[in-house]
Amino acid sequence: MFKYIKYIVCFTLLGFSVPSIQAQDAGAPKIIIRGKITDKKTKAAVQGASVTEVDADGRIIKGTASDIEGNYVLRVTSLKNNLNVSYIGFKSLSQKIDGKTTINILLEEAATDAGDVVVTSSRNTDNGMMGVKERNSTISASRINAKDIEEMQAASIDQALQGRLSGVDITANSGDPGAAMNIRIRGISSISSTGTPLIVVDGMPYETQIPSDFNFGTADEQGYAQLLNVSPADIKDITVLKDAAATAVWGSRAANGVLLITTKRGSVGKPSINYTFKTSASYLPDPIPLLNGNQYSTLMPEAYMNRTGTPLNTQQVREFNYDPNDPYWFNNYSNNTNWIKEISRTGNLQDHTVSMTGGGEKARYFASVGYFDQTGTTVGTDLKRMNTRINLDYVISDRIKIFTSIAYTNTNQNRNYLSTSDGAIRGVAYIKMPNMSVFEYDEQGNVSPNYFSPAANIQGTYSRIYNPVAMANQAKYNVLGERVVPRFQMNYDIVKNVLKATFDVQFDINNTKNKSFLPQIATGRPSTETVVNRAYDGDIDLFNVATKASLAYTPVIKNEKHKFFSSLIFMTNDLKAVNQELMTSNTASSLLVDPSIASRTQNQELQAVSSVSQTRSLGALAVAQYEYNDKYIFNAGLRGDGNSRFGPNYKYGLFPSVSFRWRLSGENFMQKYKNIDDLSFRASYGESGEAPRYDYTFYNNYATFPWSYLGQSGVFPSSMELKNLRWQTIHGTNIGANLSMFKGRFRMDVEMYRNRTTDLYFNGLQIASFTGYSSVNMNVGTMDNQGWEVAVWTTPIKTKNWTVQFDFNVSKNENVIREISPFYPNSKGDVTQLGQYLRLLQIDNPFGSFYGYKYKGVYPDKASTIATGANGKPIVGPNGQTVQMRYNYPNVDYQFQPGDAQYEDINHDGNINYMDVVYLGNSNPKLSGGFGPSVTFKNKLKISTFFNFRLGYDIVNGTEMNTTAMYNFDNQSTATLSRWRKEGDITNMPRAVIGGGYNWLGSDRYVEDASFVRFRSITARYTFDNAFLKRMKMKTLSAYISAENIFTLTNYKGQDPEVSATGSDPFRMAYDYSMTPPSKNFILGVVVGF
Amino acid sequence: MNKVIKYSLLLLAITTSLVSCTKWIDLKPNDGIIREEFWQTKEQVQAAVNGIYSSMLGSTSGDLALPEYFFIWGEGRTDMVTPGFKASPQEYEFVNVNIQPNNNYTNWRALYQTINYCNTLIELAPAVLKNDNTFTKAQLDQAVAEATTIRSLMYFYLVRTFRDVPMKLTATISDENIQPIPKTSGDSILTQMVSDLKASEAGLPYTYGNANTDKGRVTRFTLNALLADIYLWQEKYAESATECDKIIASNRYGLVGGNNNLFNALYYQGNSSESIFELQYDANKLNPFYYMHLASTRRWGASARLMDEVFGVDLVNAIPKVDARGDGCSLRPSDLTIWKYVGANSYGNSMRAPDQSFAHWIFYRYADVLLMKAEAINQTGKSLEASRLVKTIRDRANAVDFNGTMDSTSKSGMEDYILQERQREFAFEGKRWYDVLRNAKRNNYAKVSYILNMASISVPSDRQQVAFNKLRDKNSHYLPIYLYELQTNNLLVQNPFYK
């Protein structure tokens, strides 16, 4: 606590020492000034106009307001000061007092409400630290205006950005409301971190991580919908910083890129009220066709027979008995249930936002309040969010401005008890036996209102299998989040236009409550087990204080050819997390859902946990930019970082960055090319360090054994001290070019980059046991993350009535390991096991390659299973007998049978084993990107479209593997109806064998080229013209309709080709387990302004 | 001038804040203990000693509890057990003498974990003397001696199981202590252990003044028993007998009376007057044996021939003699349950409840000391004296004479007989394989037949010829180094038989 006070003090000292030395004028004479304020045009008195005495710096000394007759009286302190008069709707007026005591004023009506705070004549790119004109920027950044994406059905901006920016890859974890998105800027530069970029809102970092040890009960990372909950309606624009020179200024947390979000601000003018409304409906397309109950009940006994050689005893396995004389089993197990349909519904969404902006000379405001309500396509999922934001700017004087904002968000999310990672409800619905009933029938054959959740049947027990409808409806998982972000900023011009200081402080209070309950009916298990009536309650409270103090110096240089500006910035961040969690089970009733109710706590997983952790970081940055003659622009920065997650040896790091821009079009010899507005080349190099994910790892921690010895508790060293953990450093190099032609109608950005990560972190590297430990977090190697991007913006047609625009971006990214610790595993995937592919760690080769067998179809008959050599003749044994093809001799030595899958015997030894494994594909896209033509007619009707694509990559169709394996009692796809059944059948679908055979080894049977082009969205927006608006007494009115995910062009046979490799390790590859294509959304929206 | 003041004040403000902020990022965990704060008081030293014992009851890193390894290493390859239907393929490999480097049960991590806790205490406890004035040198010596004894016990298990292993005698405190180290030969490790133990002997108390603590924690007699065992392995018979005599001469231990008492006192109740050192499982930490031996989930059962061929059936007397160590003690013959760990009475009709499965794991007891002495002095030519010791053990157990009588005149006859008696006395106590190996390797594998004879019983007939061929290579008597260890320590060389 003491340290904390000290830090507040040190900040305040830094913050307020400067203004406080401004001596106040004291003891000035008090003189009274009177006058009358009238409208210049109508000569009417103006009531309520503000009249203020203002000093040379524009600071208000005294103020009053005119009365009903327009008269005012003001006691001023100095006759040298100015008198300011302002009233909304009139031009403000300033006048020297000059010793006069009566000043009458005529106010002129303002022509427009112009005077937007942001001057948009030339776009600024901002690395968040120093505003630079976009045309002079030396860094690689891309920007998107919120207007472009407001039509999309998106709860948060990350969803809306998907596919819009080159080099930014955003993928959804799941389609459920509130599911978090994975944001990757230029791929992954780490093999163990989450890889999410730093989010910066209005110049201050915005915390999006929660401590990794939270949520022991249902560990998953996707339930944090409220992490990125800046309402899309409040956003003005978003900039993505991509190269290391740009991110370096943000320090350790920006190693994965930076997303800068600017929110809307108030502007001078009459108050204007905006209302935006959006509603949408989402439909899930049909999934791949699955077997119905009857087909399923035919397949399973056949598969059993193929395995054991004996028929399935349906007297014992009554699930397949179908005997009407056994009414309980007959009624419950003779259905044709479509489990997918039972848990699906049409999703819908409504989003309302009301915002007000306005302001006068001194104060401007933007306030908004929003309500968002989404119902997911899976039963039991929804999200409600209320949010409000107030941005307030106040000009104290020409030299001092303050800017404050407060944002509050309340989210209430219901999700399914089990998340996608641990076998979500939808996953179970796909494999659930279709002959089972949703509701239980009694002995008499009457359906009861109770879900049919047997403790176990032939398909297994919870948690592998359960009644998904009961799980969706009865099991609860609620996430309640509240977040308040107050913010205070002050700008002070120490020397006007030359030296400016800015002080920022932001508090972030982010509280989340997770509450879940798993009732007996959802699992069907007996009440002695802990998965019955399991109640969980977990709170996590985060408190973050971030400060930033900066000093910007822009000297006035006489020679206009030279320009220089620089900043000195000091930042601190202090994040404290407190969490408490409690899990119990076997409450007395399914209605008693709280863990505080007397219930069972003995088992290991039923526990109470509480922890406190704290992370602090500080950074100091010096950055300068020099421009010569608008042609040569040079920028350099040096950042020092300190982080509490390191031991004393490596607490601080220094990270330099340099960047350069050469404007070729500014050279004399280029002047003859009149069409070129700008042609520049950029080069940059920057380093940025990343801190580890866990707190306190540089301590040798001790823990207590969960049991005692002779009644006394024992203590042991639970982790070793990590003295050698160093900053993971990204050395980013970027070469780029910007071209702008035909007055901005053709613009192009080209970038090439390589981010080399040295001292790669790896958490949990295996170490030899003689140390007494099994793993350690270490810096293990060097990895490159490299690629290129091209983005093009064109306006091919621009006439009075028509504007046609066409934007296009394309990029490629790949990862290569350059150097790695010998203890890092060098392969993953055991090809002798079913369904697995081999991946190898190959130094200097891009990630994503995988290896497996070649599939050659199905052995139709006994004769075809005879092993043949390279010459095509049968291989003969020592006694001259022919031998059958074998699998993995001598370890397994399975002899292939007719109907089994046939794999190519690459080395012709009659034995299918690891030596027959070949290269099958690479799941790294050769190209990915998006394009979007848009047409505007008379500025009224605008039709915009957006496509995204990925080309040249292979994925493993995991869905096909799972739904055609016929390996257990899971439901399968209708493709299995063509399976091999008897000697001589010619088919491509092997026979069904429960728990046996080698029919679904990792082979090219499941590997497909997944290149695709997807028609992501189309929007038609109509903006009503001024004449109409005047009649309706509105300022703006526009309406739009939009459709998403309309169709996908691909040769891929699975459901959704847009699959990214999961994980960040060198063994990542893309598996498609989606059974349903992405949902189709239809959106209707209205924007009204008064 | 004004400007100068402004700037210098600004500069001052920045410097002050920078200086105070360097301290600001030094953070310590709010909950939990760190090394810098531990090792301050004698109570903390005591807690660390308890931690060493606790670590033997179970692992915090997901490995098996030590007694499970000791059971499988000591019994899995012998004629005492048969795999149950839930035995894993890797457990079958023990029976088949086909142990590969990827076999989970060759994982030695759990032992090294305990060794590291011992090393940590030995290295860091002495500093507590400075911090806590009430902590005496004697208390320190005792704590260090306890840790040293347990460390030696762990290395003794490792050497007997793997022969040459890495010997780490320093604590792993930071990531600077994890450099790969090569194997040290088993002989040198044992030499080191002997000298460590000798140095520690004076530090250990004869008694803690509490019966349970005397059995559950290392006393001076535990150290003597361990030394005797190591000497026996090293074929230093005189030294071994001397250590045994120290225990016998103390008169603190005696054999528990025969019949029902034997099972009840030794195994069901635990901490008997016969016990020297046993691991204290209790209701809040159960042993790993319940489901391992329970008929419905059995991984290991007793061999079917034990009653007939090991404990013997009395065909002579009218009221047949029954060996108290057989039926209802070591095993329940009706379903071949290993009764020592799961039984609740000596009639074989009542089992422990699952939450009562806390039979102790016995490292050493008095009977072991007597038989170790017998083995040692028999080797020095005192076969007659040895036979008396064996007779004491047999009489206590009401043993059946069914398999020829003891020949107290023949050294090799006695050697054989003592080995058989040990088989009966320590059935399923994790000693059989080591006993057989110790006798087989004596005098440069003069009696490799002990191992081959055992294999002819324990290995299934279709695998026997292969097993014999393997067992004739003495290197095969030691387990392979677990693949994981070879991958993570580039200085390790696989044990010769498995290359």
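Lettering of chains follows the sequences in order, A, B, ..., and the numbering in each one begins at 1.
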Answer with side chain, backbone, both or neither: which region of Tyr484(B) has an atom nearer than 4.5 Å to a non-hydrogen atom of chain A?
side chain

Under a 4.5 Å heavy-atom cutoff, which of Met56(B), Glu485(B), Arg217(B) has the most pairs with chain A?
Glu485(B)

Taking only residues two or more places apart in sequence, or in another chain, which ones meet Thr488(B) in a side chain to side chain donor-acceptor pair (under 3.5 Å)?
none

Grab the two heavy atoms, one from Trp707(A) and one from Thr60(B), that are nearest each other, plus how far apart they are.
CH2-CG2, 4.5 Å

Heavy-atom pair count under 4.5 Å with chain B, highest-scoring of Ile767(A), Asn777(A), Thr615(A), Val776(A)
Ile767(A)

Taking side chain as everything from C-beta outward and backbone as N, CA, C, O, which of these in Pro29(B) sits under 4.5 Å from a heavy atom of chain A? Side chain, backbone, both or neither.
both

Please classify the contact of Leu765(A) with chain B as side chain, backbone, both or neither, using a heavy-atom distance under 4.5 Å.
neither

Least distance between heavy atoms, Pro717(A) atom then Thr120(B) atom
CG-OG1, 4.1 Å

What part of Leu111(B) gets within 4.5 angstrom of chain A, counting heavy atoms only: side chain, backbone, both, or neither?
neither

For Tyr702(A), is it the side chain, the backbone, both or neither that has a heavy atom under 4.5 Å from a heavy atom of chain B?
both

With Phe698(A), which residues qualify under ring pair (Phe, Tyr, Trp, His ring centres under 6.0 Å), at least two apart?
none

Filter on salt bridge (charged side-chain N to carboxylate O under 4.0 Å, His left out), then keep only pairs touching residues 766-778 of chain A, sequence neighbours left out; what's left?
none

So, Tyr699(A) side chain and Glu36(B) main chain: donor-acceptor pair closer than 3.5 Å or not?
no

Report yes if some heavy atom in the side chain of Lys651(A) is under 4.5 Å from a heavy atom in the side chain of Ile25(B); otherwise report no.
yes

If you count the non-hydrogen atoms of other residues, nucleotides and ligands that lie under 6.0 Å from OH in Tyr914(A), is the total more than 12?
no

Are there more than 12 heavy atoms of other residues, nucleotides or ligands under 6.0 Å from atom OH of Tyr553(A)?
no

From OG1 (Thr697(A)) to CG (Asp175(B)), nearest 0.5 Å:
9.0 Å

Would you call Val715(A) and Phe38(B) a side-chain contact if the rule is heavy atoms closer than 4.5 Å?
yes

Spacing of CD belonging to Gln614(A) relative to NZ belonging to Lys28(B), to within rounding of 0.5 Å
13.5 Å

Please state whether the side chain, the backbone, both or neither of Asn724(A) comes within less than 4.5 Å of a heavy atom of chain B.
both

Which bit of Leu124(B) is near chain A, if near means a heavy-atom gap under 4.5 Å: side chain, backbone, both or neither?
side chain

Of Ser718(A), Ser617(A), Ala768(A), the largest count of non-hydrogen pairs under 4.5 angstrom with chain B goes to Ala768(A)

If we only count heavy atoms from C-beta on, is the Asp282(B) to Ser708(A) side-chain gap below 4.5 Å?
yes

Mind ranking Asn177(B), Leu158(B), Thr114(B), Ile178(B) by heavy-atom pairs under 4.5 Å with chain A and telling me who comes out on top?
Ile178(B)

Under a 4.5 Å heavy-atom cut-off, does chain A meet the side chain of Gln487(B), its backbone, both or neither?
backbone

Grab the two heavy atoms, one from Thr572(A) and one from Trp24(B), that are nearest each other, plus how far apart they are.
CB-CH2, 3.8 Å

Need one label for Thr771(A): side chain, backbone, both or neither, based on atoms under 4.5 Å from any heavy atom in chain B.
both

From CA spacing to verdict: side chain to side chain contact (heavy atoms under 4.5 Å, CB included), Ser769(A), Trp108(B)
CA-CA 7 Å; Ser769(A) 304; Trp108(B) 62 36; 3.9 Å; yes

Report the distance from atom CD1 of Ile173(B) to atom NZ of Lys723(A), rounding to the nearest 0.5 Å.
8.0 Å

Of the backbone (N, CA, C, O) and the side chain (C-beta and beyond), which part of Gln44(B) lies under 4.5 Å from a heavy atom of chain A, both, or neither?
neither

Gap between atom CD of Glu37(B) and atom CG of Asn701(A) - 0.5 Å precision
10.0 Å

Can you name the nearest heavy-atom pair linking Phe705(A) to Gly58(B), along with the distance?
CE2-O, 4.3 Å

Arg35(B), CZ atom: more than 12 neighbouring heavy atoms under 6.0 Å:
yes

Nearest heavy atoms of Phe770(A) and Asn489(B), plus distance in Å:
CE2-ND2, 3.2 Å

Selection from Asn116(B), Asn107(B), Ile52(B), Asn210(B) maximising heavy-atom pairs under 4.5 Å formed with chain A:
Asn116(B)

Bottom line for Asn50(B): the part with an atom under 4.5 Å from chain A's heavy atoms is both

Within 6.0 angstrom of Lys285(B) NZ, more than 12 heavy atoms from elsewhere
yes

Please look at Leu279(B) and chain A and tell me whether the side chain, the backbone, both or neither of the residue comes under 4.5 angstrom of a heavy atom of that chain.
both

Proximal component of Ile115(B), with respect to chain A [non-hydrogen, under 4.5 Å]:
neither

Tightest non-hydrogen contact, residues Gln113(B) and Gly772(A), listed as CG-O, 3.1 Å

For the interface with chain A, which of Ile181(B), Thr170(B), Asn212(B), Val165(B) has the highest count of heavy-atom pairs at distances below 4.5 Å?
Ile181(B)

With chain B as the partner chain, list the residues of residues 640-648 of chain A whose heavy atoms fall under 4.5 Å from it, by residue number, and write 'none' if nothing qualifies.
Gly642(A), Asn643(A), Ser644(A)

